[in-house]
Structures are given as C-alpha cells and as structure tokens.
4 protein chains.
Amino acid sequence: MRLDPSRERAILDATQELLSEVGFDRMSIDQIARRASASKATIYRRWPGKEALVADLICNHIKIDVPPPPDTGSMREDLVGAVTGFCEVLRRRHDMIFGLLPSLLTNASLAAALRGNLRRPDVTGTAPLIERARERGEPVGRIDPARLRTVVEALVWHRLLVTGEPLDREFAEEAVDGTLLPLIRSWTGAGV
Amino acid sequence: MRLDPSRERAILDATQELLSEVGFDRMSIDQIARRASASKATIYRRWPGKEALVADLICNHIKIDVPPPPDTGSMREDLVGAVTGFCEVLRRRHDMIFGLLPSLLTNASLAAALRGNLRRPDVTGTAPLIERARERGEPVGRIDPARLRTVVEALVWHRLLVTGEPLDREFAEEAVDGTLLPLIRSWTGAGV
Amino acid sequence: MRLDPSRERAILDATQELLSEVGFDRMSIDQIARRASASKATIYRRWPGKEALVADLICNHIKIDVPPPPDTGSMREDLVGAVTGFCEVLRRRHDMIFGLLPSLLTNASLAAALRGNLRRPDVTGTAPLIERARERGEPVGRIDPARLRTVVEALVWHRLLVTGEPLDREFAEEAVDGTLLPLIRSWTGAGV
Amino acid sequence: MRLDPSRERAILDATQELLSEVGFDRMSIDQIARRASASKATIYRRWPGKEALVADLICNHIKIDVPPPPDTGSMREDLVGAVTGFCEVLRRRHDMIFGLLPSLLTNASLAAALRGNLRRPDVTGTAPLIERARERGEPVGRIDPARLRTVVEALVWHRLLVTGEPLDREFAEEAVDGTLLPLIRSWTGAGV
DNA sequence: GAATAATCGAGACGGTACGTCACGTCTTGGG
DNA sequence: CCCAAGACGTGACGTACCGTCTCGATTATTC
C-alpha cells in the first residue's frame, strides 16, 4: 500500500489551522496528529519535522494569489490598487505569516523555500500596470518593473514588521504619492 | 536585599553570548544560568520567561548605535555611507535579531518596545546628511528626512528578511543610485 | 541584644500548627517563617534545620501528659482507664504524631530524642494501678510494672500504626480482658 | 503499544535499590530514571509520584515472606523461632520500611494497602506452632491464634518503632518467656 | 544621652528536585 | 504495507524548597 493522499490533506489542513490559531512555536506535532486523527508516525513518514511540514504547507499548498489590480484608467489609482492588493494578501495571511516567521529566521532552508513562494514574479502586479500606462501614452520612460516591485514590497513589509502600523488605505496613498509616483517621475525624467 | 544588579548583568551577558552562539531556540535557561553562575530562580525572579529576558536584553541593554556616517563632501557618498552603516548594524546584530524576532511576532508589547529601540530617530543618520548637502549649496529642496529614512530602512530590512540577499556594498550603491537619489531629485524638483 | 524569646514562641506555635495541618513533609520553613512573621534567618539562628526544630518542639515544648487514671476500686476498671487514657493521648496528638513520624524513621537522633519524650516512665500510669490493687489485697504477685507498661504501649501503638483500627473503648476492653488481665493472672500465679 | 512490563520491572528494581541505599527522602525520581535507563515520563505515566511508586513497590511487588519457623519439638523454641523470624523480616526490610513509612502516614489508601500486605494472615506463623503443640499433647487449651499473633506483632513493632532497641535473640527470648508463654498458660488455664 | 552591637523582618542568592510537556523514534495490532 | 494509537528516551520548562547571605530598621546595652 502506498502513502494515502487523504492523510496528507488532513495533516496539512490541521497544520494550517493550528498555525493560524496558536502560531508556529506553540503548535505541537501531537496537536496536529490529534486534530488530523493521524498518528505521529504518519506525519514523520512524510516530513522530517515541524519546520519542513510548515515549509511544505506554505510553499506548495497555499496559494498566495494577488488578484490582478483593476484597470482604473489612471496610473495613480492603479498603483494604489496594487499596494492595497498586496497589503490585503499579507493581512489575510497575517496570522500564518506571524506564526511562521520565527522559523524563517532560524531555518535557512525553510527561509529560502518560503522566499521563493512569497516572491513569485507577479506578487504585486506592478508590471502590467506600467504597461497599461505606457499604452495609454503616459510618460513612463524605461522603468524596471522589478525595481518598482521591490520598493512596493519593501514599504509594505517595513510597515508590517518594523513600524507595526496598520496597512490601511491612508498608508497606500501616502506610499504612492510620497514615494512611488515621485520615483516613477524621476526614472522617467532620467530616461528621457 | 534588593535585586543584585551584578547578577542581572551576568545573566544578560550570558544571554547575549548564547543568543549569538546557538540562537534563541536552542538556548536554554539552564545554559544561561550555568554560564552566568546564577540560579534559575534568580532568572525567573526578574523575567517571566525566555522571551521576556531576550526582549529586555535587546530593548534595554543593547545599544544599536549607528556611527554617524562620515562627511565625504558628496551627497551620493554620504548616502552610500548611511546605507552601509545601517546594514552594518543589522549585520552585526544579525544572530541576535534573528534570535529575537520570534517573540516580536507573538508578544505585542515586546514588539512595541523593540520597535521603539530599533527606530530611534537617528538610526540611519540621514537627516544630517541632507543638511550638509543643503549647506554645500546642493539642490535638495524641501525633503522630509523621515520619509527618506523610511525608504532606507524599508529597503535594508526587505533585503535582510524577504530576499535574504547579502547586505553588501553593491546593494548599497544600487539602492542609492536606483532609488534614493532619484527620489531626492524628484522631491527636489517637485519642491521647485 | 539577646535572642528574643517571643520570636521563639511564635515560631514554635507556627510549627505546631503546620505540623498538624499539613504534616512534616509538606511543611516548609518558608511557611513557618511567614506564619510566625519571622525571618528564615531567625529560625536558622536557633535550630539547624526542620528536623531539629520539630524535634525540639515535640521533646521540649509539648507536654504529653497522661492524666493519672482514676482510682475506680477495681483493677479491671483501672486498667481500662489506663489504656483509654493512653489512647486518648495518642488520639489527641494524632495529627502531630502522624506528621512527625516520617522524620522519626529517617533521622536517628530525632528519633532518639522523641522516644525519650514519649516514653517517660509514667506515660501509661500502670505502676500506681498495680500498687493500688496490691494495697486492696488483690493477688497481683511480683509484677514488673515496666513489662506491663510495655505490653500496653505495644498494643496501642500496634493498633494505631499497623492495623489502623480505631482506639475506642471496645478495643480497650478487649485488650484488658483478652491480654492484660490474663497476663497479670499468669505472672501472679507464677510468682506464687 | 501498551505499557511495557519490562520497564516497570526495571523501574521497580531501581527504586528498591535506591530506597535501601539512600532512603526515601534522598531518593530522587531522576536517580531512579537514570538507574533504570528509563525516562521520567515513563515513571510518571505509571505512578502519580514518588510516594505512590514506593507504595506500589512495597505493597504489590515485594514478598515479605516469613519462612515457616522450624518444628523444634518444643513450644518455647518454636515461639522463639517465630518471633525471631518476624524480627528477621522487619530487619531485612528495615531500610525499605523506614523509607516507606512517611507516605503510610499521609496517604490513607497507601496505608490501607500496606497494612494488607504487612498483615497477611500467616505473617508470624504462630498458628501452625500452636497446632503442633496441641498434637504433641501439650496443654494449649482454646487459644485464639489471631490474638497471639497480634501480641507478637505488637511487641516487635513496638520494639522497632517506639523503643528503637535491637531486634536480637535476647529480645525474642524475653518476649517469649516474659509475655507469650505466660499468656498461653493463662489462656490455657482459663480454658480448663 | 550617644555610640555600639546584636537581632529583627524581609527576601535575594546558588542549588536541587519536582512534575509537565514536546520532541522524534519505535512497537503493537488491525485493515 | 500503511494506518491509529500511543509508549519510549531525551531534555527544557517553570515552580518550590533548601540553607546561606545581605540588607536597613529597630532595639538594648555600654560608655
């Protein structure tokens, strides 16, 4: 008999629940086993430990999808939409991210895997936005979308982890008007 | 007899050593006690647990001092120096920061205290830099130093925590030339 | 300043209370100090430890007095009275005896001291009883009062510690009629 | 997997050794675990604490067997043999008995169980002794063996616990000649 | 009377053992 | 062969006492 996929699902589901409820540290393998009506051996047969289980969960079994920001016809509104969308993703996964980060910091391989999942190319959806602006004839010069995305991500993560202030609309507008649009203008001007 | 400050010092010193040596998770209270030639009771008399001990260590007993970046006579070099200095601080405390962040995420009051310590007004030393440029007659317009500092911090933290790439000189120059200087130019131009 | 006798009293009183309430093992010096509003140092200044403190309490500060059994005019009734009186003493000190016995068994010097107090010559009051019977002209032959006392004590302690059955009047009469009186008769007959 | 009986044996054996070597108070659960190559959890899975473990050991896993006293052909010698045998049992288990008694006094259910073990009907082997005397034609009348056994036990326990004097042959002969034989004679005479 | 010295309460100190909990491994019996 | 159940050895946790110690404050003698 081969490994039963239904057990894997039950274990991953239980893990996801507990990760949000009590966080990574306070979540024990015994708890997961109990909630999944699984045996600890069944868990350890598939994953070498708690970190690997959670890493697998985050990287391969949870879709962190950013719905593509709507085309509003205005680059500023598109940008606010992109920032807000990314904020929304982090806020929705807030419990899980906060439950997971400890191991991200102590376990390099988990961190690497997690980063791969969190930074999929399109996570902020800023590239199409620039493209649309260009198509509308707005002056956007030669903007590297990767660099723009990095700044968006950096501002949001910084807000979430370092300042701890809320990821609200006010923040999004401030970021767009105070930093992103000036940057785009500067890159555009420099490119001319 | 009141709590003996010398014991507190010994315990905090031992904690700091072990935090860097083995990390937060692998560091046990018994180890700390042994290394500090203290008793576990003496530790628990002061702090309710490992997290609180480490939090206190980081927040109140470690100076995260950024040596003011040198005056190079050029705003670009000053900026590279500021970014490099902040990177240096985080890199020097890397083990400790990574050892600490777990509790930052589960303990709200610790997180608040920690943020207060990590974000002291002058941590990146960007404000005097702008001032010097202005005195040299460079066109810096009306730049809000807080906003500039936020961008610097965001880029460095993002590099450290999210991308995980090294905080080297190449990164610093890329950040200055690709993001910070364009921003400053844009803000300055807008201010004209 | 010399040692304050009032502190000694307070400490001994607290010890006696706690000994009865929670027993020797569960009684801590901290508890005694707290209840006596004394400092631990004050206790250790007088006694080397818990065992010695309790030993001193039992041996020198508690009177285990057996009220002399009444003269009933009948040797049988006098004997029942003596047994009952001894039972009464043990029953009254029941909690304390049971709280103390543990250390009696592991601490030889305490045990010796305690035995000295528990076995003061007159503890069962059987000697005068025999004397009165002799004076009334009853045939009591040459009875060694020490031996009689030993049997009385043995039967009562055995009942208390080994069988655990109640020290009631039924037991006293059974002991007198089934064992003590036959013994006295036999000793008397042998002496004739 | 069910509780492994071999672990139970190893733990009980280690407990028995340590109980005799260092006594109840100085014996720690960690010591027992180490000597039994067991884990503390394995111990606590079976017994709620040290007292219960030792109680179980004494009550259910140690045979306090009194080898039936030899048939010497003389009732006096048989009696001396019986008393000596019982003394021997207590002396052999001396360390363990003394290590145990604390919990006997604070734990009622343990005390009951222990009494059941210590007072199995044949513990002093006095009943067959009387029977043999009767068969040899010696005048023993209607002696209640339970009552005789109680006196034997009471005298030995009293010697052990209260007077603390040695359980030697001198004591045994004194008890037989001074108390037991007179009692038997008296009961026999009363029965005539 | 002021100075001296011992005792007081309070409680911190280095230790040791406690009983609990989670880890990751291993064993059993059923499907 | 996998499964659930759960016992196993290991080791850290946070608590409770032990007996020693160091504090100021409060006395009672001594000068």
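Side chains are part of it too, since the values below use all heavy atoms of this structure and drop only hydrogens, waters and symmetry mates. Everything quoted here is computed from the prediction, not taken from an experiment. Quick note on labels: first sequence line is chain A, next is B, and so on, each numbered from 1.
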* To do: Using the closest heavy atom to pick a nucleotide of DNA chain F for each, name whichever of D:Ala36 or A:Arg7 lands nearer the 5' end.
  =>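 Result: A:Arg7.
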* Got a donor-acceptor pair under 3.5 Å from the side chain of B:Lys40 to the base of F:dG14? ->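 Side chain to base: pair found, below 3.5 Å.
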* Taking atom types as they are modelled, is there a donor-acceptor pair under 3.5 Å from the base of F:dA4 to the side chain of A:Ser37? ->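 Answer is no: no donor-acceptor pair is held.
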From [atom1] of [X] over to [atom2] of [N], roughly how many Å is that when rounded to an integer?
X: C:Ile43; N: F:dC17; atom1: CD1; atom2: P; value: 14 Å
X: C:Asp4; N: E:dT7; atom1: CG; atom2: P; value: 11 Å
X: D:Ile32; N: F:dT10; atom1: CD1; atom2: C1'; value: 18 Å
X: A:Arg46; N: E:dG24; atom1: CZ; atom2: P; value: 17 Å
X: D:Tyr44; N: E:dA17; atom1: OH; atom2: P; value: 12 Å
X: B:Arg26; N: F:dT10; atom1: CZ; atom2: P; value: 20 Å
X: A:Asp30; N: E:dC21; atom1: CG; atom2: C1'; value: 9 Å
X: C:Arg35; N: F:dC17; atom1: CZ; atom2: P; value: 13 Å

* Asked: What's the verdict on side chain to side chain contact (heavy atoms under 4.5 Å, CB included) for B:Leu53 and B:Leu12, showing C-alpha distance, side-chain angles and the deciding distance?
  -> CA-CA 8 Å; B:Leu53 164 57; B:Leu12 287 168; 3.9 Å; yes
* Asked: Do B:Arg45 and B:Glu8 meet the salt-bridge criterion of a basic N to acidic O distance under 4.0 Å?
  ->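 Between B:Arg45 and B:Glu8 there is no salt bridge, as every charged N stays at least 4.0 Å from the carboxylate O atoms.
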* Given that C:Pro5 and D:Ser28 both sit by DNA chain E, which one's nearest nucleotide is further toward the 5' end? ->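 First, find each residue's nearest nucleotide; the 5'-ward one identifies C:Pro5.
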* **Toward the 5' end of DNA chain E, by each residue's nearest nucleotide, B:Leu3 or D:Gln31** =>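 Here B:Leu3 is the residue nearer the 5' end.
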* Kindly say whether D:Ser37 contributes a backbone atom to a donor-acceptor pair with the side chain of D:Arg7 at under 3.5 angstrom? => yes
* Asked: Would you say A:Met27 and A:Thr15 make side-chain contact, with heavy atoms under 4.5 Å?
  ->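 Result yes, sub-4.5 Å side-chain heavy-atom pair found.
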Any [X] side-chain N or O less than 4.0 Å from OP1/OP2 of [N]:
X: B:Arg2; N: E:dA10; result: no
X: A:Thr42; N: F:dA4; result: yes
X: C:Ser39; N: E:dC8; result: no
X: A:Arg34; N: F:dA4; result: no

* **Minimum-distance nucleotide to D:Lys50 side chain [options: F:dG19, F:dA4, E:dC18]** =>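 Shortest atom-to-atom distance from the side chain points to E:dC18.
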* Worked check of side chain to side chain contact (heavy atoms under 4.5 Å, CB included) between D:Arg26 and D:Gln31 -> CA-CA 10 Å; D:Arg26 285 199 245 278; D:Gln31 272 181 310; 6.0 Å; no
* Under 4.0 Å between any heavy atoms, over every strand shown, what does D:Ala38 touch: base, sugar-phosphate, or nothing? Just pick one. =>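 The answer is sugar-phosphate, as D:Ala38 gets under 4.0 Å only of primed atoms, P, OP1 or OP2.
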* To do: Quick one: label B:Arg45 by what it contacts on the DNA or RNA (base, sugar-phosphate, nothing), any heavy atom closer than 4.0 Å.
  => base
